[in-house]
Amino acid sequence: MPAPEGPLPPTPARKAVAARPPTGDFVRDALSANVNRRRLAQGWSLREMSAATGISKALLSQIERGEANPTLDVVTRIATVLRTEPADLLRGSLREPEILRAGELDEPEGESAVNLLFAAHGHSRFEVYRSRLHPHAQSQLSSHGTGSVEYVMVVAGRVTLVVDEVPYDLHAGDSARFDGRAGHYYSTEDSPAATHSIVGYPLS
C-alpha cells in the first residue's frame, strides 16, 4: 500500500501537557541533595570544593543545607567542577505521580487528535503520545531523525502502520517498534482507533 499521492494532511493538533511548575523550596531541595551527593561521591571536602570553584565555603554549606538561592553563575561553576550540567543539579525526583485524566485531553468531537502526554530530557530523551484517529483518517507523514526509535501500541480499534511505504495491520493490543528515521504514518478504515506511542531519541 503506497503512501497517498498529493499534499499531506494537515498536522494534527498537539497539546503539550505540562507538569505543575516546581516551587522554590523544591528546587532548593533538589540542588541541596544533588550537590551534596555528587560532592561526596567525588571525594571533595567543602574546603576543596571552595578552592576549586572560587565559591566561599560558607555559601557552599548553605547550598547543601537548602538555605541559599545561588545565582546561575554559581550553579554553573559548581556543575563544571562536579562534571555535570546545571540542569542536572536542579532536577529533583517526582514527589508524587503525575496523573493525566482522559477528559483533560484536547480531542474535539469529529476530529483526529494527537496529544503529547509526557516528555523527558537529560539522562534520557523521549516523548509519549496518545493519538485518536477517526474513520478513514490518516496521520501526518513523520520522521524523527537519526537514532530515533518509535514504539506504538494500539489500545482500541485497528490501524494500518505504513513504514517506508510498507503497510502493517495492527489490531487492539498489538504493538510495534521501528526505526524513527523512516517515513511513516497511521491510517484507519471504517472504524476509529486510538494508539499510545513513545518516541525515543539518542543522547547527543
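All residue numbers refer to positions in the sequence shown, counting from 1.
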Using side-chain heavy atoms (C-beta onward) and a distance below 4.5 Å, is [X] in contact with [Y]?
X      : Y      : answer
Pro135 : Ser191 : no
Tyr186 : Thr160 : no
Ile198 : Glu127 : no
Met49  : Lys57  : no
Arg39  : Leu46  : yes
Tyr201 : His144 : yes
Phe178 : His184 : yes

Start with the C-alpha gap between Val199 and Val149, add the side-chain angles, then the distance that decides, and say whether side chain to side chain contact (heavy atoms under 4.5 Å, CB included) holds.
CA-CA 6 Å; Val199 181; Val149 178; over 6 Å; no
Taking all non-hydrogen atoms of both residues, which atom of [X] and which atom of [Y] are closest, and how far apart?
X      : Y      : answer
Ile55  : Ser50  : O-OG, 2.6 Å
Ala156 : Ala172 : CA-CB, 4.2 Å
Ala68  : Leu59  : CB-CD1, 3.9 Å
Arg132 : Glu111 : NH2-O, 3.0 Å

Check step by step if side chain to side chain contact (heavy atoms under 4.5 Å, CB included) holds for Val159 and Val152.
CA-CA 11 Å; Val159 302; Val152 62; over 6 Å; no
Quick one: salt bridge (charged side-chain N to carboxylate O under 4.0 Å, His left out) pairs with a partner in residues 180-194, sequence neighbours left out?
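Those involving residues 180-194 are Asp179-Arg181.
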Which pairs count as salt bridge (charged side-chain N to carboxylate O under 4.0 Å, His left out) when at least one residue sits in residues 148-160, sequence neighbours excluded?
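The answer is Arg158-Asp169.
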Verify side chain to side chain contact (heavy atoms under 4.5 Å, CB included) between Thr188 and His134, making sure each step is shown before the conclusion.
CA-CA 7 Å; Thr188 58; His134 285 266; 6.0 Å; no
With sequence neighbours excluded, residues passing side-chain hydrogen bond (donor to acceptor under 3.5 Å, both in side chains) with Glu48:
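Glu48: side-chain hydrogen bond (donor to acceptor under 3.5 Å, both in side chains) contacts with Ser45.
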Of all residues at least two apart in sequence or in a different chain, which pass the side-chain hydrogen bond (donor to acceptor under 3.5 Å, both in side chains) check with Ser56?
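Listed in chain order: nothing, the list is empty.
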Partners of [X] by salt bridge (charged side-chain N to carboxylate O under 4.0 Å, His left out), sequence neighbours excluded?
X      : answer
Arg177 : none
Arg37  : none
Glu67  : Arg65
Asp164 : none

Is it true that a side-chain atom of [X] and a backbone atom of [Y] form a donor plus acceptor pair closer than 3.5 Å?
X      : Y      : result
Asn34  : Leu31  : no
Ser187 : Ala137 : no
Asn36  : Ser32  : no

Who else is in the cluster with Val155 when I, L, V, M, F, W and Y are joined by side-chain contacts under 4.5 Å?
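Once heavy-atom contacts under 4.5 Å are chained together, Val155 belongs with Met153.
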Indicate, with yes or no, if Leu60 and Leu40 share a hydrophobic cluster defined by side-chain heavy-atom contacts under 4.5 Å among Ile, Leu, Val, Met, Phe, Trp and Tyr.
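Not linked; separate clusters.
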Taking ring-ring contact (aromatic ring centres under 6.0 Å, His included) as the definition, give me every residue that meets it alongside Tyr168, ordered by chain and number, with sequence neighbours left out.
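Expected list: none.
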Value rounded to 0.5 Å, distance of CZ in Arg83 from CD in Gln42
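CD of Gln42 is found 4.0 Å from CZ of Arg83.
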Could I get the full list of side-chain contact (heavy atoms from CB on, under 4.5 Å) partners for Ser131, not counting sequence neighbours?
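In terms of side-chain contact (heavy atoms from CB on, under 4.5 Å), with neighbours along the sequence ignored, Ser131 is linked to Val114, Thr195.
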For residues 71-82, tabulate all N or O donor-acceptor pairs below 3.5 Å that involve a side-chain atom, not counting sequence neighbours.
residue, atom, partner, partner atom, Å
Thr71, OG1, Val74, N, 3.2
Asp73, OD2, Arg77, NH1, 2.9
Thr76, OG1, Leu72, O, 2.8
Arg77, NE, Thr53, O, 3.2
Arg77, NH2, Thr53, O, 3.1
Arg77, NH2, Gly54, O, 3.1
Thr80, OG1, Thr76, O, 2.9

